[in-house]
Amino acid sequence: MVVKTVRGTSDILPCNVDTWQALELVSRNLLEAYDYKEIRTPVFEQAGLFQKSVGESTDIVSKEMYVFSDKKGRELALRPEGTASIVRSFIEHNMHTQTLPVKLYYIGPFFRYERPQAGRTRQFHQVGAEAIGVEDVRLDAEIIDIAVQIPSKMGIKNLKVMLNSIGCKECRPKYIKQLLGHLKNKIKNLCADCNRRYSTNPLRILDCKKPECIQNVKDGPTITENLCAKCRNKLETVERYIKYLDIDYQIQPYLVRGLDYYTGVIFEITHSQLGAQNVVAAGGRYDNLIEQMGGRPTPAVGFAAGIERMIMLLAHRNFQSNNSVCLAYLDFSMDERVFKFLAELRQNGIHTKTTYQEKTLKNQLKTAAKSNCKFSLILGANELLKGTVILRNMKTSTQEEIMMDNAVTIIKKKFPLGGFRGM
RNA sequence: GUGGGUGUAGCUCAGUUGGCUAGAGCGCCAGAUUGUGGUUCUGGAUGUCGCGGGUUCAACUCCCGUCACUCACCCCA
C-alpha cells in the first residue's frame with residue numbers, strides 16, 4: 001500500500017490554497033489594524049504546560065493530547081490550543097514589563113487526537129488573539145469584534161454571536177452550588193453523560209443537547225441571573241459596546257466553555273451550515289490563568305477561530321488570482337533569448353507561466369486559457385527577428401505587437417494592483 | 001472511546017437474484033493541412049472493483065476481519 005496522510009490530517013492542495021492565503025491575509029491585516037503583533041511559538045511544548053492551563057479534567061488534556069517522550073525522556077505534547085503557549089511566552093519573556101496591554105496574535109496548526117468529523121480533524125488550524133495585562137471590558141468587546149470581523153470580511157454571512165458570563169472566583173462557585181442543589185433530586189432524569197458531569201464539570205450540564213437534560217435545566221437557576229454585581233456590570237458593558245459596533249448578538253444563559261481557565265465574559269460565534277461542529281470562533285476572559293501559571297496576577301482576554309471551518313463556509317467562493325501571463329514560443333526550442341526574456345518578466349514580478357515543451361501554438365494557448373492567464377505572450381521567429389512579441393488578451397481575443405524591451409512596463413500597466421479576486 | 005453510512009478509472013457515479021474480455025459522464029491526451037485558446041466533431045489512454053481471508057465450479061456482487069472516508073455522540077475552534 002502506498003503511504004497516505006495520517007488519519008484526521010489532509011493536504012491543503014494548490015487548488016485550495018488561494019482561499020487559505022486570502023483568509024490569512026485578511027486576518028493579518030485586520031489584527032494588525034487592531035494593533036496586535038504576531039507571535040510564533042513552537043508547535044510542541046512540555047506536556048505539563050497544557051495540563052496546568054487547559055486543565056487535567058478536560059478531555060483535551062486527558063484523552064486528546066498527542067504526548068510523546070523525546071530521547072532524553074522529556075514529556076512533550078503537540079499543542080492542542082494556543083492560549084497556553086502564549087501565556088507561557090508572556091511569563092517567560094517578562095512581557096509584563098512592556099507597555100500594557102500586550103496584544104498578540106497567532107495563526108497555525110494545532111493537534112488533538114479526536115474522531116474526525118465534519119469541521120473536526122486531528123491537525124487543524126486556528127487564528128487567534130490575546131490581549132494581556134489590562135482589565136477593561138473594551139478589550140472584551142474588541143476581541144469579539146475581531147472574531148466577528150475576520151469571517152465577515154471574508155464574506156461569510158449569517159453568523160450567530162452568543163454571549164454569556166460564567167462569573168468570577170466569587171460568584172461562580174456559589175452558582176455551581178445552587179445548580180447542584182437544583183439538580184440533586186433530578187439526577188436520575190439526566191442522561192448518562194450529565195450524571196458524570198454532575199461530579200466532574202457541572203456547568204457543562206447547561207449546554208447538553210439531550211431533551212431530558214434541557215427539560216431539567218430549564219426551570220433551574222441560570223448563571224447569567226446569578227452573577228455578582230461586578231460580573232453583571234461587566235457583561236452589560238460589553239453588550240453596550242458591541243451594540244455600538246452593530247454586532248448582532250444574543251445572550252445565551254446556557255453557554256459555557258470547555259477549558260478550565262475561562263472566567264467572566266465568554267462568547268461563541270456559530271454558523272448553521274457547519275453541521276454539528278458549528279463553532280466558527282470562541283473565546284473569553286481568563287483573568288486567573290497567568291497567575292496560576294506562575295506569573296504575577298494579570299488579566300487577559302482572547303479568542304480563537306477555526307480556519308478549516310471558515311474555509312468550509314467559503315468552499316463555493318473562488319479566491320484564485322488571475323494576474324498571470326503565459327509565454328508561448330514556437331518555431332525553435334526555447335533559446336537563450338527567450339529564456340532570458342522569461343527571466344526578465346519574472347524578475348519584474350510578473351507571474352509568468354510557460355510550457356517548457358515544444359508544443360503547437362494552439363496547445364500552448366489552450367494551456368494559457370486553462371490556467372486562467374489574462375494575457376498570452378506569443379514569441380515566434382518573426383517576432384524574435386524584429387525584437388517584438390505579441391501580447392494577446394485572452395478574454396477579448398485581441399492582440400497587439402509590442403517591443404520586447406517595453407514588455408515589462410506595458411504588462412505591468414495592464415494589471416491593477418495584484419490581489420485576490422472577490423475581495 | 002461509542003454508533004450509523006460508504007469504499008468500482010484523476011473526479012462523480014452505474015454495475016440487475018453471484019456467471020463471459022468491468023461501464024457511463026466529466027476530465028485528460030491526440031487529431032480535424034501550413035503560427036492563435038475556451039464551442040463542436042473524431043479517435044485514444046487509464047482500473048491489483050480499499051486491503052486480507054472465507055464460502056463457491058465461479059465473487060465487484062455473499063460472509064468474517066481490517067483499514068480508510070463520512071456523519072453523529074463524547075469533546076471542542
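Below, read A as the first sequence line, B as the second, and so on, with proteins coming before strands; counting in each chain starts at 1. Predicted model only: the values in this text are computed from it and were never measured.
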Would you say A/Arg115 reaches B/G3's phosphate, i.e. side-chain N/O to OP1/OP2 under 4.0 Å? no

Q.
Given the structure, check if the side chain of A/Arg392 and the base of B/G37 hold any donor-acceptor pair shorter than 3.5 Å.
A. yes

Rounded distance in Å between the C1' positions of B/U34 and B/U39:
23 Å

Review point. With rounding to whole Å, what would you report as the distance between B/A58 and B/U2 at their P atoms?
Key: 37 Å

Exercise for the section: Using the six-membered ring of A/Phe111, assess whether NZ or CZ of A/Arg79 lies under 6.0 Å from its centre and within 45 degrees of the ring axis. Expected result: no

To the nearest angstrom, the CG-P distance between A/Asn382 and B/U36 comes to 13 Å

- prompt: What is the nucleic acid contact for A/Gln364, judged by heavy atoms within less than 4.0 Å: base, sugar-phosphate only, or nothing?
  reply: nothing

In Watson-Crick or G-U wobble terms, with both distances under 3.5 Å, the base opposite B/G27 is none

With the side chain defined as heavy atoms from C-beta on, A/Ala282 is closest, among B/C74, B/G37, B/A77, to B/A77

Determine whether the aromatic ring of A/Phe124 stacks with the base of B/A77, defined as ring centroids separated by less than 5.5 Å and ring planes inclined by less than 30°. yes

pair_partner(B/G35), Watson-Crick or wobble, both distances < 3.5 Å, evaluates to none

Item to complete: Assess the pair A/Tyr36 and A/Tyr106: is the distance between their ring centroids shorter than 6.0 Å?
Response: no

Discussion item. So A/Gln399, base contact, sugar-phosphate only, or nothing? Heavy-atom distance under 4.0 Å.
Written reply: base

ask   = What interatomic distance, in whole Å, is found between P of B/A45 and the corresponding atom of B/A24?
value = 12 Å

### Message
In whole Å, measure the gap between the P atoms of B/C71 and B/U16 for me.
### Response
28 Å

Using a cut-off of 4.0 Å on non-hydrogen atoms, how would the nucleic acid contact of A/Leu259 be classed: base, sugar-phosphate, or nothing? sugar-phosphate

When A/Glu308 and A/Lys366 are each assigned the nearest nucleotide of RNA chain B, the 5'-most assignment goes to A/Lys366

Could you go step by step and tell me if A/Leu49 and A/Ser85 meet the side-chain contact (heavy atoms from CB on, under 4.5 Å) rule? CA-CA 8 Å; A/Leu49 171 64; A/Ser85 304; 4.3 Å; yes

Looking only at B/U70, B/C73, B/G37, the nucleotide nearest the A/Pro116 side chain is B/U70

note: A/Lys63, atom NZ; B/U2, atom P; distance rounded to Å ~ 11 Å

(message) At less than 3.5 Å, do the side-chain atoms of A/Arg120 and the base atoms of B/C75 form a donor-acceptor pair?
(response) yes

TODO: Please determine if a side-chain N or O atom of A/Arg112 lies less than 4.0 Å away from the OP1 or OP2 oxygen of B/C75.
DONE: no

Could you tell me whether A/Arg122 and A/Glu114 have a side-chain N and a carboxylate O separated by less than 4.0 Å? no

Item to complete: Verify whether one side chain among A/Thr9 and A/Gln123 offers a donor that lies under 3.5 Å from an acceptor in the other.
Response: no

Whole-Å distance, A/Ile390 CD1 to B/G37 P, equals 13 Å

Winner on side-chain proximity to A/Ser397, out of B/G38, B/G35, B/C73, is B/G38

Result for 5'-nearest mapping on RNA chain B, choosing between A/Cys373 and A/Cys208, is A/Cys373

- [ ] Assign A/Ala281 to base, sugar-phosphate, or nothing according to its heavy-atom contacts below 4.0 angstrom with the strands shown.
- [x] sugar-phosphate

Is A/Gly8 touching bases, backbone alone, or none of the nucleic acid, heavy atoms closer than 4.0 Å?
sugar-phosphate

Scanning all shown strands, the Watson-Crick or wobble mate of B/C49 with both distances under 3.5 Å is none

**Asked** Contact class for A/Ile60 (heavy atom, under 4.0 Å): base, sugar-phosphate, or nothing?
**Response** sugar-phosphate

*Can a side chain N or O of A/Lys359 be found less than 4.0 Å away from OP1 or OP2 on B/G37?*
no

**Message:** Say we look at B/U70 and B/C57: how far apart would their C1' atoms be, to the nearest angstrom?
**Reply:** 38 Å

query: Does a side chain donor of either A/Glu130 or A/Thr83 reach within less than 3.5 Å of an acceptor in the other side chain?
result: yes

- prompt: Across the strands shown, which category fits A/Val280 at heavy-atom distances under 4.0 angstrom: base, sugar-phosphate, nothing?
  reply: sugar-phosphate

Using the P atoms only, state how far B/G50 lies from B/U6, rounded to an integer number of Å. 13 Å

Less than 4.0 angstrom between a side-chain N/O of A/Asn278 and OP1 or OP2 of B/C76, yes or no? no

**Asked** If we take the P atom in both B/G23 and B/G35, what is their distance in whole Å?
**Response** 40 Å

The nucleotide from B/C76, B/G37, B/G35 with an atom nearest the side chain of A/Arg309 is B/C76

Checking only heavy atoms, does the side chain of A/Arg257 share a donor-acceptor pair with the base of B/A77 at less than 3.5 Å?
-> no

_What contact category does A/Gly119 fall into here, base, sugar-phosphate, or nothing, at under 4.0 angstrom with non-hydrogen atoms?_
base

Side-chain atoms of A/Asp59 come closest, of B/A32, B/G35, B/C74, to B/C74

For this session: In whole angstrom, give me the gap between the P atoms of B/C64 and B/G4.
Result: 13 Å

Answer for the Watson-Crick or wobble partner of B/C69, both distances under 3.5 Å, is B/G5

Residue pair A/Tyr254 / A/Asn164, side-chain donor-acceptor N/O under 3.5 Å: no

The Watson-Crick or G-U wobble partner of B/U21, with both key distances under 3.5 Å, is none

Considering only heavy side-chain atoms of A/Ala369, the closest of B/C76, B/G37, B/G35 is B/G37

So, does A/Asn363 use its side chain to make a donor-acceptor pair with the main chain of A/Lys359 at under 3.5 Å?
-> no

TODO: Return yes if the base of B/G35 and the side-chain atoms of A/Thr360 contain a donor-acceptor N/O pair under 3.5 Å, otherwise no.
DONE: no

> Is there a donor and acceptor pair, one atom on the side chain of A/Gln117 and one on the base of B/C74, closer than 3.5 Å?
Replying inline: yes

(request) Return the orientation label for the A/Tyr262 and A/Tyr286 ring planes: parallel under 30°, perpendicular over 60°, tilted otherwise. (result) perpendicular

(message) So for A/Glu64 and B/G1, does any side-chain atom that can act as donor or acceptor lie under 3.5 Å from a complementary atom in the base?
(response) no

